[in-house]
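Keep in mind it's a predicted model, so treat the numbers as computed, not measured.
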Amino acid sequence: MDRIFAAIFTPEFLFSVIRVSTPLILGSMAALICNRGGMLHIAFEGVMLSAAFFGMLASAVTQNIILGLLGAVAGGLLISMLLGYFNLVLNSDRTLTGIALNTFASAGTVFALYLLVQDKGTSSSLPSLVVPNIDIPILKDIPVLGTVLSGHNALTYAAFLTVFITYIIIFRTPLGLRIRTVGENPNAAASVGINVMKIRFITLAISAVIASLGGAYMSMGYLSWFSRDMIAGRGFMAIAAQNLGAALPLPSFLASLAFGAVTALANVLQTLNMPSEIIQSLPYVATLIGLGFFGYAAQKSGRKRTKAILDKARAAEGEKS
Amino acid sequence: MNTKNIEKRFQVLRTLLAIGIAMIVAFIIICFISEEPLETIRSFLIGPLESKRKIGNIITNLTPMLFVGTGVCLIFSANQTNMAVEGGFFVGAMLATVAATCLHLPTGIHTVVCLIAGGLAGAAACAIPAFLFVKFNAKPVVSSIMVNNMCLYVGLFVINHLVRDPAAGFMASFRFDETAKIGEMISGTGVHYGILIGIAVLIAGYFYLNKSKAGYEIRTVGRNVDFARYSGINVNRVITKAQLIGGFLAGLGGAVEVLGMYNRFQYQALTNHGFDGIMIGIMAAYNPKLLPLAGLFLAYIRVGADSMQRSSDVPVELANIMISVIVIMIVAERFLYKMKHKRIVAAAQKELEGKAEA
C-alpha cells in the first residue's frame, strides 16, 4: 500500500494524469457539442484514428507542424462528413453507420500504413513530427505546481483552452443557441427558420475539428508515431466522460480528468505488479451507474411534473364544480 | 404487385448493389497497388476454394459469426442497439475458460458445462444495458459500449489472476482440459464440431424469431413499440428477454470459439467478433434465414483477402474496408429511394386503374 501512495502522491503522477487525459478532454468536448446538437454518434473512435493517421502523414510529408495539424483535421473531417452525409442526406441509422465507419477507419489506416511503410504495426520509419512541449515562463519555477502544469504538449494546453471555447460556443453565441435548439427539437427549430441540416453539419464539423486535435495528439505528442488502432477506445471513453458530465463543459472536463487519473493509476499499478484491470474497469462502471442515476432522476422529475399538472387540473375542476 | 413486395425487392437490390459497388472499389484499389492485378484478383476471388485448408478456414471463420449473428438478429429485431454482444463474446470465452481449466468432469458433460457457463456470462453482459434501459430509460448505445470495456477488463482480471499459466511464457490461461475441448470434425482443416452447434442455433433462432409467438412479439416491439404496448404485449419483458437470449448466444459463441480453436485463452483485447456479428446482422436485415449467406460472404472475403495477402502486396484489411462500405450503403435508407418511390407510385396507379376499369 505504501508503495502505491508513494507512487501516486508525486508531482510526476499528476503530470501523467494530465498527459493521458488530453485526448479524453478533447474527445469529450467534441462529443459534448454533438450531444447538444442532437447528433451524438459513436464514430469518434474513427474520427480520431483517421486524424492521428493523417496528422502523422501530413507532418512527415510537409515537415511542417501546422500543416500536419491541418492534415489531421482534414482526416477527422473526412470521417465526420461521411457520417453526416449518410446520416443526414441518405437518412441512415447513425449508430450503425458509426460502427461501419469505425471499422472503415481502422482497416483503412492499417491498409494505407502498410502501403506506405510495408509495416502493419507502426509508422516509426516515417520522419513525422511532434508538436512541441511548452514550458510556461514563471509557472515552471514554482516547485510542485511547475512540475505538474508546465512542460506539457502544446495540444494539452489547447485542450484546456477548448473547454473554455466549447462553453463560449455552446452557451454564449447565436450559433450555440441554434445548435442547442436543433438538438432539443429540430421541428421547432425549423419552424422558426433555422436550416436544421446546415446546423447539424456545422455541429459535426466543429466537433470533428476538436476530436481531430485529440487524434493528432496521439500520434504527434503522446507518441511520435502512428500505430494501428492507437485510439484504443478513447473515443468511447470520451463519450462516457461527456455523459458522466451531463453534457456540460466543466463537469465533462472533470470527468475526463477522472478517467485519465484512473488510467494513469492503472499504469502505475501495472509497474508495481498489482492487479490493474479492476481499476481500469472503474471508469466504465462509474459511467454505467451515472447513466442509471441520470435516468432515475429524469424519471422522477418527469413523474413530479405529471403529478403537478394533474393536481393543477384537478384543482381547476374542483373550482368549477 | 403490392408495396410490401416492392420494398422487399428493393432491399435485396440494394444489398446486391452495395456488394457490387464494394467489389468494384476493391478491384480498383487492387489495380492501383498490385503489380499483377489480374493474378491478385484471381487469388482474392478463387483463392479460398483452392485448398481443403482454406475452405476449412471459411468454415472456422463462419462458426462464431453464426452464434453472434443470431444473437444480434434477436436483439436488433427488438430495435435495441445493444452492442454488448462484443463484451458478451469476450466474457463468454472467459467463463468457459475458467470452467474448462478449473472443473474436472467427464468428457461431454464438461463441454456442455463450459458452453452453458459461457452463455450465462454473455447473457449477464447483455442484461446490463437491457436493465438500464427498462428501469431507467438509459439508451443502450452508450451503456453497451461501457459494458464492452468493462467486460474486457473483468475478463482479463479473471484470466490473469485466476487461471493464468505462469509457465506459458506469454499472457495466457492454463491449457483447457481435454475433456472440455470441442473436437476437430474434419482433420487437417481446423473445422470443429462447433459449426454443427452453430447451425442448430441458427435454425432454432430462425424458428424462434420468425415462427413463434415470442418471436412475433419481439418483432412487433421492434417495429412499433406503441402498437405493441396497446395490443397488450409486456414490452419491457420482451425487450429484456430478447437481449438475454441474444447475449446468451454471443457468450455461447465465445465459448465455442475458444474451446474449438485454441488450447488456451490468449485474447488480450476485445476480439471484434461482436461487431462482425452486427455487420452480418445488418446485411441479413436481422433475419436468421439470410444470416448464413451474409456470414459466408464475410468469411469468404476474409479468407480471400488472406490468400491475396500471401500471394501479393495487398493487405488483408481490404476485406474490412469492403464490409464497412457495404454496411454503410445498406443502412442508408435513401439510397435508391427515388427509384423505389417511383415503382411504388406506379404500382399503386396501376392498381387504381385496374379498379376503375372493373
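- Here the side chains of Val141(B) and Arg94(A) are not in contact, with every heavy-atom distance at 4.5 Å or above.
- A donor-acceptor contact shorter than 3.5 Å is absent between the side chain of Glu317(B) and the backbone of Thr109(A).
- Proximity to chain A is absent for every atom of Phe133(B), based on heavy atoms less than 4.5 angstrom apart.
- With rounding to the nearest 0.5 angstrom, the CG atom of Leu82(A) is 10.5 Å from the OG atom of Ser324(B).
- Contacts of Leu152(B) with chain A are absent, with no heavy-atom separation under 4.5 Å from either backbone or side chain.
- Side-chain contact between Phe236(A) and Val142(B): absent, with no pair of heavy atoms (C-beta onward) separated by less than 4.5 Å.
- Between the CZ atom of Phe76(B) and the OG1 atom of Thr95(A) there is a distance of 8.5 Å, given to the nearest 0.5 Å.
- With a 4.5 Å cut-off on non-hydrogen atoms, Ile239(A) touches chain B through its side chain but not through its backbone.
- Glu86(B) does not touch chain A: none of its heavy atoms, backbone or side chain, sits under 4.5 Å away.
- Residues Phe32(B) and Leu115(A) form no side-chain contact, since every pair of their non-hydrogen atoms from C-beta on lies 4.5 Å or further apart.
- With values rounded to the nearest 0.5 angstrom, Lys139(B) atom NZ is found 12.0 Å from Leu40(A) atom CG.
- Residue contact with chain B, scored on non-hydrogen atoms closer than 4.5 Å, involves the backbone and the side chain of Ile99(A) alike.
- Per-residue counts of heavy-atom pairs under 4.5 Å with chain A were compared for Thr81(B), Leu318(B), Val154(B), Val325(B); the largest is that of Leu318(B).
- Within the 4.5 angstrom heavy-atom criterion, only side-chain atoms of Arg228(A), from C-beta onward, approach chain B.
- The greatest number of non-hydrogen atom pairs below 4.5 Å with chain A, out of Ile328(B), Leu132(B), Asn320(B), is found for Ile328(B).
- Ring planes of Tyr153(B) and Tyr284(A): parallel class, angle under 30° (limits at 30 and 60°).
- The parts of Leu156(B) that come within reach of chain A are both its backbone and its side chain, each placing non-hydrogen atoms under 4.5 angstrom from that chain.
- Phe111(A) is listed as a side-chain neighbour of Ile33(B), based on a closest heavy-atom distance under 4.5 Å.
- When the candidates Asn137(B), Val327(B), Asn149(B) are compared by the number of heavy-atom contacts under 4.5 Å with chain A, Asn149(B) comes out ahead.
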